[in-house]
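When a ligand or atom number is given, it counts from 1 through the structure's own listing order.
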Amino acid sequence: MPGLLSSPVFLTVIWFLLSWSLGPSHAQIWTDEVSDVQYGRLGSNVTLECGKSEIGIPVEWRHNHSLVLPWHKVTSDGRLVLYHVDQSAQGNYSCYDNSGILRSISLRLGHPPGLLSISCQVPNHTHVRCSWRESVKTFLPAGFNASFRGKGQEWRPCIVDVTHRHCDVHHPAFWQTIHMLRVIETNALGSETTLAQLKLHELLKPDPPESVSAKEVEGFPKKLRVTWHYPSSWPQEIAFPLLFHIRYKPHGSKLWSEIFTEDNAVVVPDALAGHLHQVQVRARDEVDPESQWSEWTQLHLVRPWEEEPNPGPEENTESPDCNGFCIEPSASTKPTHAVNGDEGNLGLAILLVLFSIFILTTVLSLIFIVWMRQKRTEHATKQELASMVKMKSIPI
Ligand SMILES: *[C@@H]1O[C@H](CO)[C@@H](O)[C@H](O)[C@H]1NC(C)=O
Ligand SMILES: *[C@@H]1O[C@H](CO)[C@@H](O)[C@H](O)[C@H]1NC(C)=O
Ligand SMILES: *[C@@H]1O[C@H](CO)[C@@H](O)[C@H](O)[C@H]1NC(C)=O
Ligand SMILES: *[C@@H]1O[C@H](CO)[C@@H](O)[C@H](O)[C@H]1NC(C)=O
Ligand SMILES: *[C@@H]1O[C@H](CO)[C@@H](O)[C@H](O)[C@H]1NC(C)=O
């Protein structure tokens, strides 16, 4: 029996050694197993070659190690034709004849690239960023090659970021009214070129202003002071001025009031006294009215100065005008600490008193106990003496 068991093993080893020594043709099959990738179009008929099979010798195909295959036919020369493939037809296909595995192919299915939808952002005069989305989902890895040019100029590269699917142009020729962007998407099934025409001056859209602050104006219950900075992506030069649009309204109101300015600060003259206000700022290139406004900054909330302000922590710091009569604030702020300190001292005093009472009582009770004991012993000796006297008086 062990002979029967060992002989197939022995044969396999022999076959393996033979195939190894016969040359690289068989060895290549093993290395190909990982690297052999075939791409196909979804919905099409895909043909997989078995490779080294000879006509007439039947072959067997497996899909993901299973004998169950999608709708297919195996030709007389061993090719596998898969009809009208869908996503589930992807995976690993292996072709066997009676000597073993002949070929292994990983099948990936998808679509060739379609046109892209492109949009560009121009946050200042020296930077263009264009991003794109696929109009056809390809399901396959793709590469992109993007170029950019002004009318009548040479193509120059738009530097691609593949993961984020965008590209950047630095220092475009801004004086030219029309530019072209060309993006070529390539995958295993083909490539597609998308062209987009851009008018940079119309796309110019600054980032929103930064460090916006809205504050009350002391002594003026109807004024608000709003300040901001240029967006950091906008050059701080006289040659590139920005126009700012400020809008404000009492909280809950629907109507905005607005102010336009080229400065970095503005005083709202007509706030509604005693009401919380919402304030926002946005910016646009001052020179080109065709360019776009930035997004609005976040809502800022501010209340104008009030004549009788609610006592808050701010007022306490500036109240030296109550000449020694600051009973309330002094009771509420500074002395809290002192009271705390007094309480601590009082506690200590009480503790000391209690302790001394304890010591005193202990000492007194000790004295009392000692005195009691002495009394008792005196009593005992007296009794002893008495009994001895009695014993002596008893006649023997
Ligand atoms: C297909 O083959 C590749 C490489 O040989 C392997 O990493 C993958 O797990 C296989 N997939 C299936 C479903 O067998
Ligand atoms: C796929 O093969 C079937 C059967 O031979 C045929 O009817 C069909 O037209 C083929 N489809 C394509 C897209 O070639
Ligand atoms: C085979 O494996 C691939 C992944 O490798 C999977 O996409 C496909 O659905 C699998 N198909 C079947 C029928 O198991
Ligand atoms: C992109 O295309 C241009 C010409 O169309 C070519 O010179 C360049 O090498 C390509 N770049 C990449 C990364 O494919
Ligand atoms: C223009 O914007 C880009 C992107 O935000 C930025 O990296 C660049 O520094 C800006 N250029 C200037 C001159 O501020």
Charged tip of Arg165 within 45° of Trp132 ring normal and under 6.0 Å: no

Residues in side chain to side chain contact (heavy atoms under 4.5 Å, CB included) contact with Phe220, at least two apart in sequence or another chain: Val217, Lys223

Atom CZ of Arg156: over 12 foreign heavy atoms under 6.0 Å: yes

By side chain to side chain contact (heavy atoms under 4.5 Å, CB included) - contacts of His63 (at least two apart): Leu69, Pro70, Tyr93

N or O contact, Ser44 vs ligand 2, cut-off under 3.5 Å: no

Quick one: ligand 5 N/O to protein N/O pairs below 3.5 Å?
| from | atom 1 | to | atom 2 | distance (Å) |
| --- | --- | --- | --- | --- |
| ligand 5 | 2 (O) | Asn124 | ND2 | 2.4 |
| ligand 5 | 11 (N) | Asn124 | ND2 | 2.9 |
| ligand 5 | 11 (N) | Thr126 | OG1 | 3.3 |
| ligand 5 | 14 (O) | Ser233 | O | 3.2 |

Backbone or side-chain N or O of Asn64 under 3.5 Å from ligand 3 N or O: yes

Aromatic ring proximity, centroids under 6.0 angstrom, Phe148 and Trp155: no

Cys pair Cys120, Cys130: SG separation below 2.5 Å: yes

All side chain to side chain donor-acceptor pair (under 3.5 Å) counterparts of Lys205, not counting sequence neighbours: Glu295

Atom pair CH2/CG of Trp234 and Asp207 - distance to nearest 0.5 Å: 9.5 Å

Atom indices of ligand 3, in the order listed, that fall short of 4.0 Å to a heavy atom of Gly91: 1 (C), 2 (O), 3 (C), 5 (O)

Subset of ligand 3 atoms that lie under 4.0 Å from at least one heavy atom of His63: 1 (C), 11 (N), 12 (C), 13 (C)

Where ligand 2 meets Asn45 - atom numbers and elements under 4.0 angstrom, heavy-atom basis: 1 (C), 2 (O), 3 (C), 8 (C), 10 (C), 11 (N), 12 (C), 14 (O)

